[in-house]
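Data block below; observations after.
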Amino acid sequence: MMFPLNTSEDELSLFLLIGIPGLERMHIWISIPTCLMYLMAILGNCTILFVIRTEPSLHEPMYYFLSMLALSDLGLSLSSLPTMLRIFLFNAMGISADACIAQEFFIHGFTDMESSVLLIMSFDHFVAIRNPLRYSSILTSSRVLQIGLTFAIKSILLVLPLPFILKRLRYCNKRLLSHSYCLHQDVMKLACSDNKVNFYYGLFVALYMMSDSMFIGVSYVFILKTVLGIASHGERLKALNTCVSHICAVLIFYVPIITLATMHRFAKQKSPLAMIVIADAFLLVPPLMNPIVYCVKTRQIRAKVLEKLEKLGLKSK
């Protein structure tokens with residue numbers, strides 16, 4: 001019997017998410033580190049946003065772009081948090097079709113937004129190293145805002161068709177998804193109607209996002225070429241050191257997503273456990289690690305965060 005997504009109330013479609021196969025009895029214990037990671041990710045990114053918002057000395061393009069990265073990380077965390085915690089805390093696997101489609105829209109949207117922000121930040125580093133004297137005149141506050149809004153709108157428009165092309169599919173008795181949250185490529189595989197449109201558009205979205213990584217690589221080729229043209233060895237190291245945080249953020253973000261996308265589309269024999277661990281890392285690790293990396297490697301951010309913490313400590317006394 002078939003159940004289309006556009007069903008009446010007495011034929012409500014339901015998908016089943018999955019926790020960690022073979023460790024169902026351990027879900028309550030797994031929920032503890034999962035909750036801590038979500039809490040630290042949300043707290044860390046909110047701290048970054050608060051510090052940049054309240055410190056006039058940080059009202060510069062680099063930190064505006066870091067704010068955009070923190071917003072993207074918050075979006076990723078909050079998009080996946082409800083289903084993951086329901087599974088690990090209460091073993092509640094069911095999710096309605098509409099909620100699943102809404103979740104995949106937000107996850108893919110914030111994923112593309114983070115990818116775009118990382119691309120913008122690579123351009124920001126290139127301008128800062130190539131034309132340090134003209135940096136402020138090239139990347140004015142209004143221009144940074146325009147860039148941010150343009151890429152945010154682009155991310156929304158890119159993933160906007162995904163919910164609609166999923167809604168048009170018909171779904172049979174297969175209800176079990178492969179992750180603790182909904183992804184477009186995972187949901188479309190459950191359809192018993194023709195999903196070629198979904199496959200090709202999903203592939204287009206994935207390739208479009210992967211093109212960001214290619215442009216980031218091109219940016220770093222130009223950055224390296226510029227740095228090698230600097231006469232002083234100390235200045236070279238100083239210029240490259242400004243890129244370390246961004247390089248870490250790029251690797252943290254792209255390694256899981258490229259691995260997951262490759263396994264989804266091309267691996268014939270996939271380990272369910274490996275797929276789930278990589279998929280969970282894809283949404284948990286970047287929002288958790290990015291604030292830590294930028295606080296450790298960016299002196300201005302670290303100093304202002306410590307200053308805020310000291311003020312809070314003095315007030316509590």
Side-chain angles (χ1 to χ4, degrees), residues 33-81 106-107 109-125 127-128 135-136 139-141 143-149 151-152 155 212 216 241-257 281-316:
T34 303
C35 287
L36 287 175
M37 290 177 74
Y38 270 119
L39 182 63
M40 291 176 64
I42 293 170
L43 182 62
N45 285 290
C46 286
T47 301
I48 293 287
L49 290 170
F50 174 74
V51 169
I52 293 174
R53 173 69 178 83
T54 56
E55 286 296 331
S57 62
L58 300 181
H59 292 177
E60 297 178 3
M62 171 187 172
Y63 303 110
Y64 290 145
F65 293 135
L66 182 55
S67 296
M68 296 177 195
L69 185 67
L71 285 172
S72 301
D73 282 333
L74 277 175
L76 278 177
S77 295
L78 296 175
S79 297
S80 59
L81 183 146
F106 285 111
I107 287 176
F110 283 113
T111 299
D112 181 73
M113 197 174 297
E114 178 145 350
S115 179
S116 298
V117 173
L118 291 172
L119 173 60
I120 298 168
M121 293 176 82
S122 68
F123 172 74
D124 172 68
H125 284 297
V127 174
Y135 176 74
S136 298
L139 289 174
T140 61
S141 297
R143 192 164 292 168
V144 169
L145 180 61
Q146 290 171 2
I147 292 172
L149 286 175
F151 277 87
S155 297
D212 289 344
I216 290 171
N241 190 54
T242 61
C243 301
V244 171
S245 300
H246 181 255
I247 293 171
C248 291
V250 169
L251 293 175
I252 290 168
F253 178 76
Y254 279 109
V255 170
I257 194 173
F282 155 56
L283 289 188
L284 281 171
V285 175
L288 174 67
M289 292 304 299
N290 285 340
I292 296 172
V293 168
Y294 275 94
C295 282
V296 170
K297 293 300 297 179
T298 307
R299 180 178 55 81
Q300 294 88 337
I301 292 288
R302 183 175 66 250
K304 295 301 179 182
V305 169
L306 292 174
E307 184 180 315
K308 295 289 183 183
L309 291 175
E310 287 176 3
K311 287 181 180 179
L312 288 174
L314 291 173
K315 285 183 179 180
S316 64

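In what follows, residues are counted from 1 in the order of the sequence shown.
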- Query: Which value, rounded to the nearest 0.5 Å, describes the distance between F253 atom CZ and L76 atom CG?
  - Reply: 7.0 Å

- Query: With sequence neighbours excluded, what pairs up with K297 under the salt bridge (charged side-chain N to carboxylate O under 4.0 Å, His left out) test?
  - Reply: none

- Note on the structure: Closest non-hydrogen atoms of H59 and R53, given as atom of the first, atom of the second and distance, are NE2-O, 3.3 Å

- Message: Rounded at 0.5 Å granularity, tell me how far CD1 in I120 sits from CZ in F151.
- Response: 4.5 Å

- Given side chains that start at C-beta, do those of L58 and I301 come closer than 4.5 Å, heavy atoms only? yes

- Task: Not counting sequence neighbours, which residues clear side-chain hydrogen bond (donor to acceptor under 3.5 Å, both in side chains) with S155? List them please.
- Result: D112

- Message: Is there a side-chain contact (heavy atoms from CB on, under 4.5 Å) between E55 and E307? Walk through the geometry before answering.
- Response: CA-CA 11 Å; E55 286 296 331; E307 184 180 315; 4.2 Å; yes

- Query: Can you name the side chain to side chain contact (heavy atoms under 4.5 Å, CB included) partners of F50, sequence neighbours left out?
  - Reply: T54, K308

All N/O donor-acceptor pairs, side-chain side in residues 64-71, below 3.5 Å, sequence neighbours left out:
unit_1: S67; atom_1: OG; unit_2: Y63; atom_2: O; d: 3.0

- Message: Restricting to non-hydrogen atoms, name the atom on M62 and the atom on Y135 that form the minimum distance, rounded to 0.1 Å.
- Response: N-OH, 3.4 Å

- Item | Pairs touching residues 40-51 that satisfy side-chain hydrogen bond (donor to acceptor under 3.5 Å, both in side chains), sequence neighbours left out | none

- For Y38, all residues meeting side chain to side chain contact (heavy atoms under 4.5 Å, CB included), sequence neighbours excluded: T34, S77, S80, L81, M84, L85, L284

- Task: Decide side-chain contact (heavy atoms from CB on, under 4.5 Å) for S115 and Y254; before the verdict, give the C-alpha distance in whole Å, the side-chain angles of both, and the deciding distance to 0.1 Å.
- Result: CA-CA 8 Å; S115 179; Y254 279 109; 2.6 Å; yes

- Message: Assess the residue pair F282 and T111 against the criterion (side-chain contact (heavy atoms from CB on, under 4.5 Å)); give the C-alpha distance rounded to whole Å, side-chain angles, the decisive distance to 0.1 Å, and a yes or no.
- Response: CA-CA 10 Å; F282 155 56; T111 299; 3.4 Å; yes

- Start with the C-alpha gap between V144 and D124, add the side-chain angles, then the distance that decides, and say whether side-chain contact (heavy atoms from CB on, under 4.5 Å) holds. CA-CA 10 Å; V144 169; D124 172 68; over 6 Å; no

- Considering only heavy atoms from C-beta outward, does the side chain of L119 approach that of S122 to under 4.5 Å? yes

- Hits for side chain to side chain contact (heavy atoms under 4.5 Å, CB included) against R302, two or more places apart or cross-chain, chain-then-number order -> R299, L306

- How would you list, by chain and number, every residue that makes a side chain to side chain contact (heavy atoms under 4.5 Å, CB included) with I292, sequence neighbours excluded? M289, V296

- Residues at least two apart in sequence or cross-chain that pass ring pair (Phe, Tyr, Trp, His ring centres under 6.0 Å) with H125, listed by chain then number, are H246

- Might you point out which heavy atoms bring S79 and F106 nearest each other, and give the distance in Å? OG-CB, 3.4 Å

- Message: Quick one, L139 and F123 - any side-chain contact, counting heavy atoms below 4.5 Å?
- Response: yes

- Message: So, using side-chain hydrogen bond (donor to acceptor under 3.5 Å, both in side chains) as the criterion, who are the partners of S116 when residues are at least two apart?
- Response: K154

- Item | 4.5 Å side-chain heavy-atom contact, L283 and P256 | no

- Partners meeting side-chain hydrogen bond (donor to acceptor under 3.5 Å, both in side chains) with N290 (sequence neighbours left out): D73, E114

- Task: Kindly write out the residues that satisfy side-chain hydrogen bond (donor to acceptor under 3.5 Å, both in side chains) with T242, not counting sequence neighbours, or none if the list is empty.
- Result: none

